[in-house]
Amino acid sequence: MYVKQISVFIENKFGRLADITGCIAEHGIDIRAMSLADTTDFGILRLIVDKPYEAEKILKDNSFTVSMTSVIAVGIDDKPGELARAIRVLSDGGVSVEYLYAFVSREAGRASVIIRVDDGDKAVELLTSNGIKFLSDTDIADM
Amino acid sequence: MMWQPEAETMSRKGIEELQLAKLKKTVKNCYDNVPHYRKKLDEAGVNPDMIKTLDDIRYLPFTTKEDLRLNYPFGMFAAPMKDIVRVHASSGTTGLPTVVGYTRHDLDVWSDIVARFIVAAGVTDEDIAQISFGYGLFTGALGLHYGLEKVGATVIPVSSGNTERQIKLMKDFGTTVLISTPTYAMYISETAKKLGYTKDDFKLRIGLFGSEGCSIEMRSQIEDGLGVFATDNYGLSELMGPGIAGECEYREGMHIAEDHFYAEIIDPNTGEVLPKGSTGELVLTSLSREGIPVLRYRTKDITRIDYEPCKCGRTHARMAKTMGRSDDMLKIKGVNVFPTQIESAILGVDGISPNYQIVVRRQNYMDNIEVKVEVVDGSLLERFGELENLQKKIQKQILVVLGLDCKVTLCSPMTIERFQGKAKRVVDLRFTQEEK
């Protein structure tokens, strides 16, 4: 249903992304998905990792500004129209999407979508009643 | 509590009479024993007998740091070397160091005036005081050291640096009073937090911060972080060191030790003495100094003086926290800007660390300022808009305080340089080639 997402403040400065990713790589943390929009001065790097608590601690210890939040993770079939269906369910139910990013999973024919919405509980209710499957932190860790 | 109640509560008339008597003596001493002063006074057509009232001080020429350098090392001393028992010097980053000498009596006066602000802050002989100023030629550490010993506190002369050890000693020794620059106190507080300590792990109750300016906002952050009551004090080695002025428990200005120093406020551009209550450059004359008496020293510090007696009962005039230095003052698009003004504008903003840096550039013949701050609040990362709002909020605060538009840059924590001594908050690139 909900999975832990790590957000890291990132300045638009040469080498910063390499610093952050290098820092978690050193501790053997695996990134499942990430998102970073193009920005002018600064941005927010969003990460889904196999060990979110460890990642949060390591980044904090290395003086990064970090927060851990819960976002909705759904698993859909990797075929045309599946994402559209899930989003349609939300918009018809009046839930706004703030941002989302998707990745194809190792399991053949499946894709995962991370969604941040304005009303999480309502989104969960809508998606559940429309038979859309969720991913848990364990699913993410086991990928 | 007062250390020397009789001196500290003297009537205005009493203070002025004492000042005049001591001023006459000081001018005569300078004229008789320091060739530099004799020459300068002769050139200005002034002789010591012309000083009939305190106002007559304006006939005397100013003394600057340059005068001390020209007479390096001991040329300005009025006492013979056999009577000089200590020498201090200010850092020589901009040329030769300025050297000052103290007689035994000077050291006695100095430790008394330091004891005044220490006691005013609430320190007693029961306290354990950790001095985290660097020991050496710099007057801060030894000045506080002798004052604290005089009061009877237990002194831990740990000196600056090695912050983790500082924190360990602070905890193990049960330090109750911390003496450092405000910037270093902030750094100690941040480091302690990072090491997993809370303020309950320490017995700290008082912070005596000095040697650089500290805005009220910065002070409250240090107070919250370390669990102390903090006071500010003022001094400069050319005149004595710390203790020239210090706050009492009301913290409405720093009481100047007027029985030992005469203070004037002048217009830094014209040198004219300004009316009481005006803001301008502080000029100080030593009244008790034997080793190196100083006439009308231009401190370059911008402040104003309030002569109203204080709620605490002290009658000594109070100088406001310095608003900057006449030579640190930045002129940006014709507006006078002091780094401390920017500091007070941003330190009240939530979500950022107290460290900041001001970068001034000139592009297409136009000055612009960039203020760099560190984002520390992770909850701002929920939405990108929150960060943009933070940026706009700081920009607006600075616009309100300074009337200047500036660029605000959000940085990651610990990316702005930390300083263990005095903070360098301003990087002025207008007259230099910026490295790309």
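Every value quoted in this text rests on a predicted model; they were computed, and no experiment measured them. Protein chains get the first letters and strands the later ones, always in sequence-line order, with residue 1 at the start of each.
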Visitor: Taking only heavy atoms into account, what residues of residues 19-32 of chain A are found under 4.5 Å from chain B?
Guide: none

Visitor: Does atom CZ (Arg362(B)) have a neighbourhood of more than 12 heavy atoms from anything else shown, all under 6.0 Å?
Guide: yes

Visitor: Is Lys194(B) salt-bridged to Asp61(A), cutoff N-O under 4.0 Å?
Guide: no

Visitor: Which bit of Glu382(B) comes within less than 4.5 Å of chain A, counting heavy atoms only: side chain, backbone, both or neither?
Guide: both

Visitor: Could you tell me which non-hydrogen atom of Leu410(B) sits nearest to which non-hydrogen atom of Glu11(A), and how far apart they are?
Guide: O-CG, 3.7 Å

Visitor: Going from CZ on Phe42(A) to OG on Ser412(B), what distance comes out if it is rounded to the nearest 0.5 angstrom?
Guide: 11.5 Å

Visitor: Do you know which two heavy atoms are closest between Leu381(B) and Arg46(A), and how far apart they sit?
Guide: O-NH1, 2.7 Å

Visitor: Between the side chain of Ser63(A) and the main-chain N/O of Met414(B), is any donor-acceptor distance below 3.5 Å?
Guide: no

Visitor: Dump the intermediate steps for side chain to side chain contact (heavy atoms under 4.5 Å, CB included) on Arg16(A) and Thr415(B), then the final yes or no.
Guide: CA-CA 11 Å; Arg16(A) 280 310 263 176; Thr415(B) 53; 3.9 Å; yes

Visitor: Are there over 12 heavy-atom neighbours, none belonging to Glu164(B), within less than 6.0 Å of that residue's CD?
Guide: no

Visitor: Distance from Leu387(B) atom CG to Phe9(A) atom CZ, nearest 0.5 Å?
Guide: 6.0 Å

Visitor: If you count the non-hydrogen atoms of other residues, nucleotides and ligands that lie under 6.0 Å from NZ in Lys51(A), is the total more than 12?
Guide: yes

Visitor: Taking all atoms of both residues into account, what is the closest heavy-atom pair of Lys407(B) and Asp41(A), and its distance?
Guide: NZ-OD2, 3.3 Å

Visitor: Could you tell me which residues in residues 67-81 of chain A have at least one non-hydrogen atom under 4.5 Å from a non-hydrogen atom of chain B, sorted by residue number?
Guide: Ser67(A), Thr69(A)

Visitor: Counting only heavy atoms not in Lys199(B), do more than 12 sit closer than 6.0 Å to its NZ atom?
Guide: yes

Visitor: Do other residues, nucleotides or ligands put more than 12 heavy atoms under 6.0 Å from Tyr53(A) OH?
Guide: no

